[in-house]
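Input: a single structure, listed below in structure tokens.
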Amino acid sequence: MAGQQDPSSPGLTGVLRGERLSRSFFARDVLTVAPELLGATVSHAGVTVRLTEVEAYAGQADPGSHAFRGPTPRTAVMFGPAGHLYVYFTYGMHWCANIVCGTTGAASAVLLRAGEVVGGEDVAAVRREGIRRRDWARGPARLATTLGLDGALTGADACAAGSVVAFHAPATEVDHAAVHTGPRVGVAGAGGDALAHPWRFWLADEPSVSVYRPAKPRPRRTSP
DNA sequence: CAGTTGATTCGCT
DNA sequence: GCGAATCAACTGG
């Protein structure tokens with residue numbers, strides 16, 4: 001078990017403001033990394049997003065994780081070293097981006113669920129034309145689209161020098177009281193005690209974070 | 001404003 | 001074949 005973190009300890013552990021996040025930052029327990037990513041920024045293709053909502057996935061211990069059933073060609077990158085992107089395609093049209101965390105083989109990752117654009121707004125405005133600014137990175141697929149992240153970025157090393165994608169620590173201190181956490185809802189395979197963990201983290205009072213609608217069972221189309 | 005539904009491809013069984 | 005870590009459009013009040 002990884003060491004517990006003092007809940008009264010605000011913000012990042014041993015990371016300076018605005019500093020680029022290193023591989024060792026991501027190579028810790030995913031539940032430690034996830035809340036520390038709130039307020040941090042992700043930059044790619046001319047746009048920078050400040051993260052306001054993330055969700056942790058704990059590899060093979062987590063029935064909700066793509067890594068639950070072991071490595072597959074798609075999830076192989078999750079089983080690799082921390083600091084690499086795992087970008088998957090879902091619902092036939094959307095890309096969602098994760099950053100791999102923990103030790104090699106742990107297959108844990110943090111899904112980037114929502115954020116606000118804090119840089120490259122002109123680029124984002126073109127890329128997300130017709131979409132309200134508040135919604136540019138509201139939701140994992142919209143966040144990925146606004147950042148220009150897609151399957152081609154899977155495996156990209158966000159910690160390498162000169163990488164096209166980079167994470168940076170919060171420029172300003174994050175109020176610990178603003179960090180909210182809650183259990184995941186609507187996850188297939190729910191029921192295990194491990195799922196009682198608070199996997200989701202978000203910043204309160206952020207316009208880019210809406211009340212997350214739990215996945216509803218799709219009403220089966222009624223046959224006549 | 002809130003609730004509901006269709007869209008559309010991939011990965012795994 | 002089926003379900004999915006979703007979004008955007010459309011409906012009615």
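Reminder, nothing fancy here: chain letters follow the sequence lines and each chain counts from 1.
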Less than 3.5 Å apart, which donor and acceptor atoms pair up between the side chains of residues 69-80 of chain A and the rest of the protein, not counting sequence neighbours?
residue : atom : partner : partner atom : Å
A:Thr72 : OG1  : A:Arg74 : N            : 3.3
A:Thr72 : OG1  : A:Thr75 : N            : 3.2
A:Thr72 : OG1  : A:Thr75 : OG1          : 3.1
A:Thr75 : OG1  : A:Thr72 : N            : 3.0

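For A:Asp135, the salt bridge (Lys or Arg N to Asp or Glu O under 4.0 Å) test picks out A:Arg138, with sequence neighbours left out. Contacts of A:Arg142 classified as salt bridge (Lys or Arg N to Asp or Glu O under 4.0 Å), with partners at least two apart in sequence or in another chain: none. Annotation: salt bridge (Lys or Arg N to Asp or Glu O under 4.0 Å) contacts of A:Arg23 (sequence neighbours excluded): A:Asp157. Scored by the side-chain hydrogen bond (donor to acceptor under 3.5 Å, both in side chains) test, A:Thr145 finds no partners at all (sequence neighbours excluded).
A:Tyr91 places its OH atom 12 Å from the C1' atom of C:dC2, with the value rounded to the nearest Å. Taking atom OH of residue A:Tyr57 and atom P of nucleotide C:dA4, one finds them 12 Å apart after rounding to whole Å. The CZ-C1' distance, from A:Phe89 to B:dC12, rounds to 16 Å in whole Å. A:Asp135 has its CG atom 7 Å from the P atom of C:dA8, to the nearest Å. Taking atom CH2 of A:Trp136 as the reference point, atom P of C:dA8 lies 14 Å away to the nearest angstrom. Rounded to a whole Å, the CG atom of A:Leu111 is 16 Å from the P atom of C:dA4. In this structure, A:Arg132 places its CZ atom 12 Å from C1' of B:dC1, rounding to the nearest Å. Rounded to a whole Å, the OH atom of A:Tyr86 is 9 Å from the P atom of B:dG11.
Contact annotation: A:Arg142 reaches the phosphate of C:dA8 (side-chain N/O to OP1 or OP2, under 4.0 Å). Remark: A:Arg113 is in phosphate contact with C:dT6, judged by side-chain N or O atoms under 4.0 Å from OP1 or OP2.
For the pair A:Ala56 and A:Val30, the tightest heavy-atom approach, listed with the atom from each and the gap, is CB-CG2, 3.9 Å.
Comparing C:dA5, B:dA7, C:dT6 by their nearest atom to the side chain of A:Ser65 picks out C:dA5.
Taking every heavy atom of residues 66-79 of chain A and every atom of DNA chain B, pairs under 4.0 Å involve A:Arg69, A:Thr72, A:Arg74, by number.
Counting atom types as modelled, A:Tyr88 pairs a side-chain N or O with a base atom of C:dA5 as donor and acceptor under 3.5 Å.
Atom OG1 of A:Thr41 is separated from atom CZ of A:Arg20 by 10.5 Å, given to the nearest 0.5 angstrom.
Counting only residues at least two apart or in different chains, side-chain hydrogen bond (donor to acceptor under 3.5 Å, both in side chains) contacts with residues 120-129 of chain A comprise A:Glu121-A:Arg133, A:Arg128-A:Thr146. For residues 82-109 of chain A, the set of pairs meeting the salt bridge (Lys or Arg N to Asp or Glu O under 4.0 Å) definition, not counting sequence neighbours, is empty.
Looking at DNA chain C, the stems built from 3 or more consecutive Watson-Crick or G-U wobble pairs, each pair with its key distances under 3.5 Å, are B:1-7 with C:6-12, B:9-12 with C:1-4.
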